[in-house]
Amino acid sequence: TPGAAVRSIRPYQSSEQYLYAMKEDLAEWLKELYDLDIEVGTFVEVLETGAVLCSHANNVTHVAGEFARACPGVAHHLRLPAAGVACNLAAQPGTFQARDNVSNFIQWCRKEMDIKDVLMFETEDLVLRKNEKNFVLCLLELARRAARFGMRAPTLVQMEEEIEEELRQELDLPPADTPLPRPPRKPRDLHNLDQMVQHLVSRCTCPVQFPMIKISEGKYRVGDSDTLIFVRILREHIMVRVGGGWDTLEHYLDKHDPCRCTSLSHKQAWKTRSPQQQVQHEIWLCPASKAATRGQQQPLLLVSRSQSPLPPVAW
């Protein structure tokens, strides 16, 4: 029977869930930074006039100036904003004043923060809500860059830093420079992660279970390749670190598990695998010492299910 941790996962469409999760994280972050009355449901409504965005840009510029004075040596190697942005705090939604605010913020992101066009959005994307995804990705990238000189970061960015530290330790690389004390990170919530992962993987209806092998806490090998993914819990979402961004595990599996994937070629490639290539339902326990496995990734647990899916979850 699925536990409470599994039941807490919200039943969103997977193609929308990752965007919802990012908006939820950014809304909580802005609320903590500026004591705003903002939540995921009012995220775009609160920001569409551009007033909060321009005020945030000016705050980032102020923090960057303090960083440059406190750590001139390190600041010399970073791209720091030198100028703020003009802002009309009385702008109303959909007006020319709102468009000017948003346009000024976009130009500031490009010129002062050097955010590339691939991560930028257009004025209409926010004012007319044409492309919320581009807007959200831009805000997240801005938060990443501002975190380098001391701005408090959203939880997603904190988890990215945590994963980067883990990779540096595995590769015996020196720690990242942290000239300014960072706010304490929220502790990792991995207690129920395996149960949540198992629940989502169990929805696979392939004759042979799509494998997801646990390598270590929060790290899994997926499919029949050597692809490793980092998995974290973000409130009620299971997030996967992919490339330079994030996805929900459910959406990730929808794109890679053959019985869920919409790609016909992907499904056919899976069906034509030989029996030797197919991973059966089994659990591996590898109690080998860390010293014995140094330099080689060893599976600790193969997440699997019975031939019939798990019982449905009552939300």
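When reading the values below, keep in mind they use all heavy atoms of this one structure, side chains included, and skip hydrogens, waters and symmetry mates. As the structure is a prediction and not an experimental result, all values here were calculated from the model.
Although no hydrogens or angles enter the test, the distance criterion places a donor-acceptor pair under 3.5 Å between the side chain of Thr95 and the main chain of Ala98. Of the possible polar contacts, one joining the Arg145 side chain to the Asp114 backbone as a donor-acceptor pair under 3.5 Å is found. No side-chain donor-acceptor contact under 3.5 Å links Asp247 to the backbone of Val240. Within the 3.5 Å criterion, the main-chain N or O of Gln92 finds no donor-acceptor partner in the side chain of Gln97. Side chain of His199 to main chain of Gln195: no donor-acceptor pair is present (N/O by atom type, distance under 3.5 Å, no hydrogens or angles). Formation of a donor-acceptor pair under 3.5 Å by the Gln17 side chain with backbone atoms of Thr248 is not found in this model. Not a single donor-acceptor pair under 3.5 Å links the side chain of Trp246 to the backbone N or O of Leu19. Within the 3.5 Å criterion, the main-chain N or O of Asp100 finds a donor-acceptor partner in the side chain of Asn104. Under a 3.5 Å cut-off, the side chain of Asp25 and the backbone N or O of Leu156 do form a donor-acceptor pair. For Trp29 (side chain) and Arg152 (main-chain N/O), a donor-acceptor pair under 3.5 Å exists by modelled atom type.
Side-chain contact between Leu126 and Phe121: present, with at least one pair of heavy atoms (C-beta onward) separated by less than 4.5 Å. Using a 4.5 Å heavy-atom threshold, the side chains of Glu162 and Arg232 count as touching. Taking 4.5 Å as the limit, every side-chain heavy atom of Met120 sits out of range of all side-chain heavy atoms of Leu137.
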Output a table of donor-acceptor pairs, distance under 3.5 Å, between side-chain atoms of residues 49-59 and any protein atom two or more places apart or on a different chain; print 'none' if there are none.
residue, atom, partner, partner atom, Å
Thr49, OG1, Ala51, N, 3.4
Ser55, OG, Ala51, O, 3.0
His56, ND1, Tyr34, OH, 2.6
Asn58, OD1, Val85, N, 2.7
Asn58, ND2, Cys54, O, 3.3
Asn58, ND2, Val85, O, 3.2
Asn59, ND2, Tyr34, OH, 2.9

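For the residue pair His237 and Glu250, no side-chain donor N or O sits within less than 3.5 Å of a side-chain acceptor on the partner.
Partner Val231 forms a side chain to side chain contact (heavy atoms under 4.5 Å, CB included) with one of Met239, Met212, Lys219, Arg241 and no other, that one being Met212.
With respect to Glu141 and Lys116, no salt bridge is recorded, no charged nitrogen being found less than 4.0 Å from a carboxylate O. We find that Lys31 and Asp37 are not joined by a salt bridge, their nearest charged nitrogen and carboxylate oxygen being 4.0 Å or further apart. Salt-bridge annotation for Arg129 and Glu122: absent, with no side-chain N of the basic residue lying under 4.0 Å from a carboxylate O of the acidic one.
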Q: Please step through salt bridge (charged side-chain N to carboxylate O under 4.0 Å, His left out) for the pair Arg203 and Asp257, ending with a clear verdict.
A: CA-CA 10 Å; Arg203 298 178 185 175; Asp257 183 351; over 6 Å; no
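Scored by the ring pair (Phe, Tyr, Trp, His ring centres under 6.0 Å) test, Phe230 finds no partners at all (sequence neighbours excluded).
We find the CG-CG distance between Leu119 and Asn134 to be 9.0 Å, quoted to the nearest 0.5 Å.
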